[in-house]
Amino acid sequence: MKKKSIFLLAGIATLYYNNAYAQETPQDSTRSASIEQVVITGNSNPKKKIESSTAISTFSAKEIQKQNPISAAALLQRVPGFAVETSGGEVGNNLFARGIPSAGAYEFVQVQEDGLPVFEDGALQFANADNFFRVDNSVSRLEALRGGSGSIFATNSPGGLINFITKEGSNDFRGTAKLETSTYGLMRTDVNLGGALVQDKLFFNVGGFYRTDDGIRKTGFKANQGGQIRMNLKYVFDKGYAKVYYKKLDDRNTFYLPIPLVQNGNDLKEFSGFDANYGTYSYRNISQLNIPQAGGGFFSRNLEDGIHPKVDVLGAEFKYDLGNNFSVLNKTRYTNINMNYTGIFPSGGPTSAADFAHNNGITGNNFQYSSVSSGAIMNPAYVQKLGFWAIDKQMNNFVNDLQFNYKFDKGNVTAGFYKSNWKSHQNWNWSNVLATASDHPELLNLVDTSLTPSSTGYSKTYNGVTDMSFLLRDSQVQGSLNDLYANLDYNITDDLSFNAGIRYSRDFYKGYGVSTTNGNLNNSGLTTDGTHSFLTTTADDNMSVLGNKYTYWNYDVNRVSFTTALNYKINSENAVYARFSNGFRSPNEEAYYNNMMDLSAIKPVTTNQLEVGYKYYSRAFDIAVIPFYSTLKNLSFTDVFSDGTSENKFANTTNYGVELEGYARLFNNLLEITFNGTIQNPKYKDFTGRNADGSTFNYDDNIVRRMPKFYFNIAPAVNITKQWRAYASVNYYGKRFQDEKNAQTLPSFSEFGAGTSYQLGKIRFAVDGTNIFNTIGITEGDPRAGSPSGDGTIMARPIMGAAVRASITLDF
C-alpha cells in the first residue's frame with residue numbers, strides 16, 4: 001500500500017514545480033460568481049442567491065466536472081450540514097442532515113430531479129435514493145438546500161432538498177464526450193448533446209453514460225456495470241413552454257459492508273488476512289447461492305448482480321402565462337422501478353474455528369472444516385458467518401405538482417396542490433453462509449466428527465450454508481399524498497424581504513405483511529449430497545415458509561408544516577437572514593412493518609429549526625456563515641439486525657451548530673480555495689426506556705450516533721498556467737459514536753485527494769486521485785450487530801483505498 005501511495009503522489013507533486021503563473025482567469029477555473037447565481041430550489045420563483053433566505057449550496061456543471069465525484073454521495077460531501085458516508089460504493093450511501101440521526105439512506109432529505117422526487121420516499125428499506133440516480137454530463141447543476149423551506153416544497157424533507165437539474169437544449173448545438181479509465185479497471189463513456197430542432201422554438205437534449213469496472217475493493221468480478229440515458233424535448237411559445245422527458249437507468253453496483261478491523265482507542269489496524277483498503281467479503285468465491293426451499297422449488301441468487309435497479313421515468317412540464325400577472329406551472333412524472341438487491345451482510349465478527357464449532361454444538365476437537373469448492377480439509381484460524389441477503393422490490397410512483405403564481409409590485413404569491421401515489425412491494429430471502437475470515441473468502445463446510453455421515457445433525461452446513469432461507473418477508477407499502485401549499489414573498493423595502501410558507505399534508509398510507517412459519521427439508525425426499533437426507537444437517541432446521549395470513553394496516557397523516565423568514569440585503573454583496581421552520585417526516589417502512597398490530601406506537605417525526613445567516617458574495621470571495629438550532633421529537637430507530645429482528649426505540653434530539661461555506665480566488669487568480677465545514681452538538685433528549693431483554697437504558701444527553709461534532713472539506717487549487725490546473729483536497733470527519741449508548745468510538749480521519757487538468761483547446765485532460773495516502777477511515781461500525789463492545793476486533797465499514805482516474809473530455 002505504501003508503494004501505491006508514493007506512486008500516486010509522485011505524479012501529482014510534479015505539478016507544483018512550475019513558475020508560469022496565469023495573469024487572467026484560466027479556462028478551467030469554473031467557479032461562477034455567486035453574486036449572479038439564481039436558485040430555484042426551496043423558492044417559489046427564481047431568486048438571486050443573495051436574496052434567498054435559505055441555506056443553499058450550488059454547483060454548476062463545470063464545478064461538478066472539476067470535482068469529478070466518484071458518486072453522488074461524494075459530490076454531496078461538499079455541502080455543509082450534510083454528513084455523508086461514502087463507504088458503500090457508488091450507491092447505497094447515507095446522508096445525515098444537520099445532525100438528524102437515522103438508520104441510514106436519505107431519510108430526512110428528498111432527492112429530486114428537476115424539482116420532483118427521484119422516488120417519493122428516499123429511505124425505503126434497501127432502496128436509498130441514490131440507487132436510482134447517477135451523476136453524469138447531462139446534469140446542468142446541483143442545488144442543495146438545508147432545512148428551511150424544504151418542508152414547504154416537498155414531503156418528508158425537514159432536513160433539506162437535493163435537486164439535480166438536467167441540461168436543456170439551446171439555439172446553439174453543443175455537445176460533450178468523455179472517456180475515463182482508472183487503476184481499478186474502469187472504462188466509462190459519457191456523452192451529452194443538445195441543440196435546436198427549430199430555432200427559438202423546439203429544443204432537445206440527450207445524454208447518458210455506460211461504465212464497467214472491477215471496483216476499488218477487489219471482488220473478483222465486475223463490481224459495477226451499466227448506465228443510463230436521459231432525453232428531453234422542449235417547445236417554447238409566446239406565453240410559456242411545454243417539455244417532455246424520459247430516463248432509463250439499468251445499472252448494477254456492488255454494495256460494500258463492514259469488514260473486520262482491530263481497534264485500540266483511536267488506533268485502527270488491519271485484521272490479519274484482511275486488506276482494510278481493498279478487501280471485502282463480497283467476493284467471487286461466495287457469489288453463487290442455490291438452495292431448495294421448504295415450500296418447494298429452489299432459490300438461486302448471484303452476488304455479482306449486486307444492487308441492480310431498472311428504472312424507467314416519463315415526465316412532462318408545462319408553464320403558461322395566464323395574463324394579469326398570473327401564471328400556471330404543472331410538473332408530472334411516472335417512475336417505475338424493478339430492483340434486485342443482493343449483498344453480503346456480516347453476521348457478527350470473526351470467530352475462532354474452535355469457538356464457532358463449540359457454539360454450534362460440537363464438543364472438544366470433534367470438528368472438521370473443509371472447502372466447499374474442492375472438498376479439501378482446511379484448518380482456518382478464524383471463520384466468519386455472513387448473511388447472504390436477497391431483496392426484490394417492485395416500486396412505482398406517479399406524482400403531479402400543480403402551482404399557480406401571482407406577481408404584484410412588492411412580491412409574489414404561489415399556491416399549489418401536490419399529489420403523489422406510490423407503491424413498494426418487497427420480497428426478502430435471507431440465508432447465512434460460512435466462510436474463511438479473509439478478504440478472499442472461501443465457503444466452508446463444518447461437520448461433527450464424533451458422528452457418522454448418516455447421523456442426525458452430523459453437518460452444520462449445506463454446501464457452505466449454515467441457515468437456509470432463515471428469513472422470508474413479503475410486504476407492501478402504499479402512499480397517497482394530498483398536499484396543499486402556499487408561499488408568499490414580500491419586499492417590505494428594496495432591501496428587506498419577507499417570506500412565509502405553509503403546507504397542509506393529508507396523506508394516507510396502507511400496506512400488508514405476510515405471516516411466516518418454520519419448516520425444514522427432513523421429509524422432502526431431497527438429499528444433501530445424493531446419498532444423505534436433510535436429517536443429517538442442521539442448515540435447514542429453521543427455514544422460513546410464507547403463510548397465508550395477511551396483516552393489513554392503514555395509517556393517516558394530517559399535519560401542517562410552516563416557515564417564515566426575513567432577508568436583509570445590506571448592500572449588493574452582503575446580506576443577513578433569519579428563518580424559523582416546522583416540518584415532519586412520516587414513519588418509515590420498517591416502523592410500519594414492526595407495528596402493524598398497533599400503529600398507535602408510531603408517530604411522525606416532528607422538527608423545529610431556527611437558523612440565521614450571513615452571506616457575502618463577490619467575484620473574488622464568497623462566504624456563508626449559518627448558525628442553526630433544531631429539535632426533533634418521536635425519532636424512531638428501526639435498524640434491521642443480522643438475525644432479521646429490528647430495533648424499536650424512540651427518542652428526541654436537539655442540535656445546535658454552525659455551517660461554513662466559502663470560496664476565494666487570490667493572487668490574481670493564481671490560487672483558488674473552496675471550503676465548507678460544520679460544527680455541531682447533536683444530543684439525545686428524554687431517551688430512556690426498556691430493551692428487548694427487559695433491561696432499562698438511559699441515553700439522555702448522549703451524543704447522537706454516527707454524527708461528528710466537526711467535519712469539513714477544503715480544496716485549494718493552483719492555476720499554474722491559463723490551461724494547467726492542479727488541486728488538492730482534504731476531507732476531515734470528526735470522532736463519532738457508533739451506537740446510542742456511546743460505547744463504540746469511530747475515530748476521526750482525514751482523506752486526501754489530488755489531481756490535475758490541462759485544457760488544450762476544446763479538449764480537457766484530467767487525472768484525479770482519491771484517498772491518496774490509503775487512510776483507514778471508518779464511517780460506520782456494524783449497525784446490524786446490536787450493541788458493540790468497544791476495542792478489540794470490530795466490524796466496521798472503511799472508506800475505499802487509493803485510486804486514480806484519468807479522463808479526456810471533448811466539448812464541441
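Computed from a prediction, not measured in an experiment: that's the story for all the values here. Side chains are part of it too, since the values below use all heavy atoms of this structure and drop only hydrogens, waters and symmetry mates.
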Spatial distance of atom CZ (Phe237) from atom NZ (Lys201) [nearest 0.5 Å]: 9.0 Å
N-O pairing of Glu168 and Lys243 below 4.0 Å: yes
Nearest 0.5 Å, what's the CG-OH distance between Asn482 and Tyr504? 9.5 Å
I need the Phe82 CZ to Leu95 CG distance, nearest 0.5 Å. 5.5 Å
For Asn713 and Gln77, indicate whether the former's side chain and the latter's backbone hold a donor-acceptor pair under 3.5 Å. no
Lys319 backbone acceptor or donor facing Lys239 side chain under 3.5 Å: no
Just so I know, are the side chains of Phe203 and Val236 near enough to count as touching, which here means a heavy-atom distance under 4.5 Å? yes
Working for side chain to side chain contact (heavy atoms under 4.5 Å, CB included), residues Asn128 and Asn94: CA-CA 8 Å; Asn128 298 21; Asn94 304 314; 3.7 Å; yes
Quick one: salt bridge (charged side-chain N to carboxylate O under 4.0 Å, His left out) partners of Asp172, sequence neighbours excluded? Arg174
N/O donor-acceptor pair under 3.5 Å between Asn131 side chain and Gly92 backbone: yes
Taking the side chain as everything from C-beta on, heavy atoms only, tell me whether Val612 gets closer than 4.5 Å to Tyr577. no
Kindly determine whether Tyr568 and Asp495 satisfy side chain to side chain contact (heavy atoms under 4.5 Å, CB included), including the steps that lead there. CA-CA 6 Å; Tyr568 179 66; Asp495 299 318; 3.9 Å; yes
So, Lys49 versus Thr58: side-chain donor-acceptor pair below 3.5 Å or not? yes
Measure up the Trp422 and Phe119 rings against each other and bin them: parallel (under 30°), tilted (30 to 60°), perpendicular (over 60°). perpendicular
Would you say Thr176 and Asn137 are linked by a side-chain donor-acceptor pair, where the criterion is simply a distance under 3.5 Å? no
Donor on one side chain, acceptor on other, Arg579 and Ser53, under 3.5 Å: yes
Run the side-chain hydrogen bond (donor to acceptor under 3.5 Å, both in side chains) test against Lys633 and tell me which residues pass, sequence neighbours left out. none
